[in-house]
Amino acid sequence: MELSKKTTILFPPDLHERLGSIARQRGVSMGELVREACAKCYGTVSVKDRLAAVKRLEALALPVSDPDTMAEESVPSPENLLP
């Protein structure tokens, strides 16, 4: 990965210490730790990765009904809302 953009981030001392501790435990720099966290939280997922995830979900053998039955089971009818 090419690193070509620089950003300065100011952290409160306690968070800075916590991030430094985690980075040392993982054997990475604090910059790498922050880049990884940003990618997980705000990064984009490629179309290829999304399709692979859909295929993995599709391959699961889960006991599910058809969509209409699931909707009926998930959302009670108005007459069933009150005892």
Side-chain angles (χ1 to χ4, degrees):
M1 164 186 8
E2 178 189 356
L3 302 177
S4 61
K5 301 289 183 183
K6 181 178 180 178
T7 300
T8 301
I9 303 172
L10 300 174
F11 292 111
D14 56 335
L15 179 56
H16 188 270
E17 288 174 24
R18 178 76 179 126
L19 293 173
S21 174
I22 293 168
R24 283 189 299 281
Q25 289 172 2
R26 294 186 183 179
V28 299
S29 68
M30 193 180 304
E32 179 60 27
L33 185 76
V34 171
R35 282 188 294 275
E36 179 184 320
C38 289
K40 283 182 181 177
C41 190
Y42 302 110
T44 57
V45 178
S46 70
V47 172
K48 180 182 174 183
D49 290 339
R50 287 177 190 234
L51 290 174
V54 168
K55 287 184 182 201
R56 287 192 304 272
L57 287 172
E58 185 179 50
L60 295 175
L62 300 174
V64 295
S65 302
D66 62 275
D68 290 333
T69 303
M70 288 191 300
E72 290 173 10
E73 293 171 348
S74 299
V75 181
S77 60
E79 57 270 3
N80 293 331
L81 290 175
L82 297 174

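No hydrogens, no waters, no symmetry mates; every other heavy atom, side chains included, goes into these values. Numbers here simply count residues along the sequence, with the first being 1.
Counting heavy atoms from C-beta on, the side chains of Ser21 and Gln25 come closer than 4.5 Å. Two residues are said to be in side-chain contact when any heavy atoms from C-beta on lie closer than 4.5 Å; Leu3 and Arg35 meet this criterion.
Between atom CZ of residue Arg24 and atom CG of residue Leu19 there is a gap of 10.5 Å, rounded to the nearest 0.5 Å. Taken to the nearest 0.5 Å, the NZ atom of Lys48 stands 10.5 Å off from the CG atom of Leu51.
Glu2 and Ser4 get closest at one heavy-atom pair: OE2-CB, 3.6 Å. Residues Arg50 and Val45 come closest through the heavy atom pair NE-O, 3.5 Å.
Linking ILVMFWY residues whenever their side-chain heavy atoms come closer than 4.5 Å, directly or via other members, places Val28 and Leu15 in the same cluster. Residues Tyr42 and Val34 do not share a hydrophobic cluster, clusters being chains of Ile/Leu/Val/Met/Phe/Trp/Tyr side chains in contact below 4.5 Å. Val54 is not connected to Leu60 by any chain of hydrophobic side-chain contacts under 4.5 Å among Ile, Leu, Val, Met, Phe, Trp and Tyr, and they are in different clusters.
In summary, Glu58 and Lys55 do not engage in a salt bridge, as defined by a charged side-chain N under 4.0 Å from a carboxylate O.
More than 12 non-hydrogen atoms from other residues, nucleotides or ligands lie less than 6.0 angstrom from CG of Leu62.
No side-chain donor-acceptor contact under 3.5 Å links Arg18 to the backbone of Asp14.
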